[in-house]
Amino acid sequence: MSHPRPDLVPDPDLSRAEMETLQREIASVAVFEDDFAFDPDAFSNPLESAATGTEPPVVAGVDQSFLTNEDGDQDRALSAVVAMQGGEVIERIHAVTPLEIPYIPGLLSFREGGPILAALEALSVDPDLFLFDGNGRIHFREAGIATHMGVVRDVPSIGVAKSLLCGTPQEDIDELPAGSRVPIEANSRVDAPDGTRIGYAVQTRQYDSPNRYINPLYVSSGHRVGPETAADVAHDLTSSYKLPEPVRLADQYADEAKKSSSR
DNA sequence: GCGACAG
DNA sequence: ATCTTGTCGC
């Protein structure tokens, strides 16, 4: 695996203005519509493709955790990748790299992109699709971490965020039933014409009857995956938890790897 | 100046 | 992201 666009790799040493300029370039290169060869419906029926003798597509979830030094300061980022095929985990890998910059809303990929790309280099299989923790097109400059990573590797990617960064839900997103979705449109804070559909609030899970509610996920196109397909896939990859399995397992693995690496 | 702000 | 037990509700 390599970087088709090494010139777009997130460089933490860039000035804030340069980072934003790079993001606009990434957004112009990104493809926010379906452009892949695998069958996206294979995720809802992991066994079906096996029955037809077809190789199920490989999906990888990516998530990060952070390590602290002796003084208690976060000085390293750990990126974990969990690759799955036909509903089974086929590979797990992680990488640790020093942290260069603090978290700044809108510039997440410049903080976590390094460890992610390092981990992807260490992966032996090459996934047909990536799911990242964070946004894709739901971003001020339409270039969230899922879009940035997807474009640098030129691989289909989807952003899965747990809270809304920007954009406007087209309907009330409280108390949504499981399986439902609400379009997220660009607002004045997004570098896209107002009303542009930049993603979906996806309710993958919901409590049965209580007076408590689970918040939806915010799913958006990273690269080469349209918003509808992104929402479909995020939903299809979900089983018993709110997060799609690849991301949930990467989240869990990132935590385990952090604990075992500090011992 | 005010408000908003993924992980 | 991270610090963290108990606790509310099915």
Side-chain angles (χ1 to χ4, degrees), chain A residues 10 12 16 19-20 23 26-27 61-69 71-81 94 96-117 119 130-150 157-169 173 175 178 184 186-191 198-202 205-223 230 234 240 242-244 247-248 250-259 261-262:
Chain A
R16 187 160 177 158
M19 290 181 180
E20 298 183 353
Q23 292 185 320
I26 287 166
V62 185
D63 190 29
Q64 287 68 243
S65 62
F66 299 87
L67 304 183
T68 58
N69 57 30
D71 307 321
D73 301 322
Q74 292 190 333
D75 63 333
R76 291 156 293 162
L78 185 159
S79 184
V81 182
H94 72 271
V96 177
T97 70
L99 278 174
E100 311 285 6
I101 61 174
Y103 164 68
I104 299 171
L107 299 179
L108 185 64
S109 64
F110 290 90
R111 173 179 166 82
E112 307 183 352
I116 290 175
L117 293 174
F130 282 96
L131 261 57
F132 293 93
D133 61 312
N135 295 300
R137 197 181 189 183
I138 295 180
H139 180 274
F140 310 126
R141 292 166 289 282
E142 303 179 272
I145 195 163
T147 297
H148 201 149
M149 299 297 97
S157 66
I158 294 172
V160 179
K162 294 181 288 297
S163 58
L164 191 58
L165 174 64
C166 55
T168 309
I173 55 174
E175 309 177 21
I184 302 295
N187 56 16
S188 61
R189 303 170 63 194
V190 181
D191 275 7
I198 56 177
Y200 279 97
V202 180
R205 298 274 296 173
Q206 189 52 281
Y207 289 131
D208 291 314
S209 61
N211 46 337
R212 282 182 62 73
Y213 299 91
I214 294 175
N215 294 130
L217 289 178
Y218 299 92
V219 182
S220 59
S221 306
H223 180 46
S240 304
K242 170 177 175 174
L243 290 172
V247 196
R248 184 183 73 79
D251 182 282
Q252 180 180 286
Y253 178 44
D255 220 63
E256 298 173 356
K258 172 170 72 171
K259 292 174 182 173
S261 68
S262 61

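In what follows, chains carry the letters A, B, and so on, assigned in the order in which the sequence lines appear, proteins first and then strands, with residues in each chain numbered from 1.
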Does CG in A:D208 sit with more than 12 non-hydrogen atoms of other residues, nucleotides or ligands closer than 6.0 Å?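 Open.
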
For DNA chain C, the expected dot-bracket line (Watson-Crick or G-U under 3.5 Å, [ ] crossing, | inter-strand) is ..........

In whole Å, I'd like the distance from the [atom1] atom of [X] to the [atom2] atom of [N].
X      : N      : atom1 : atom2 : result
A:I198 : B:dA6  : CD1   : C1'   : 12 Å
A:L108 : B:dA6  : CG    : C1'   : 6 Å
A:R111 : B:dC5  : CZ    : C1'   : 15 Å
A:M149 : B:dA6  : CE    : C1'   : 14 Å
A:F132 : B:dA6  : CZ    : C1'   : 14 Å
A:I214 : C:dC10 : CD1   : P     : 14 Å
A:I101 : B:dG7  : CD1   : P     : 16 Å
A:L164 : B:dA6  : CG    : P     : 9 Å

Test the A:R16-A:F110 pair against the cation-pi criterion, namely NZ or CZ under 6.0 angstrom from the six-membered ring centroid and within 45° of the ring axis.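 Geometry flag: not set, cation outside 6.0 Å or 45°.
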
Collect all protein-nucleotide pairs involving nucleotides 1-5 of chain C in which both atoms are nitrogen or oxygen and the distance is under 3.5 Å.
from, atom 1, to, atom 2, distance (Å)
C:dA1, OP2, A:K162, NZ, 3.3
C:dT2, OP1, A:K258, NZ, 2.9

Rounded at 0.5 Å granularity, tell me how far CG in A:L165 sits from CG in A:L108. 9.5 Å

Enter the distance from A:Q74:CD to A:S65:OG here, rounded to the nearest 0.5 Å. 9.5 Å

Mind checking if [X] touches a base, just sugar-phosphate, or nothing, with heavy atoms under 4.0 Å?
X      : answer
A:L217 : nothing
A:I138 : nothing
A:G106 : base

If you take the centroid of each ring, where Trp contributes its six-membered ring, are A:H223 and A:F130 closer together than 6.0 Å? no

Just N and O in the side chain of A:Y218: are any of them under 4.0 Å from OP1 or OP2 of B:dA6?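 Answer no for this pair, as no side-chain N or O of A:Y218 is under 4.0 Å from OP1 or OP2.
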
When you check the side-chain N and O atoms of A:Q64 and A:S79, is any donor under 3.5 Å from an acceptor? yes

With distance as the sole test, does A:S157 use its side chain to make a donor-acceptor pair with the main-chain N or O of A:A146 at under 3.5 Å? yes

A:N187 side chain vs A:R189 backbone, donor-acceptor pair below 3.5 Å: yes

By the definition side chain to side chain contact (heavy atoms under 4.5 Å, CB included), identify the one residue from A:I138, A:T168, A:N135 that meets it with A:I198.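 Filter result, single survivor: A:I138.
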
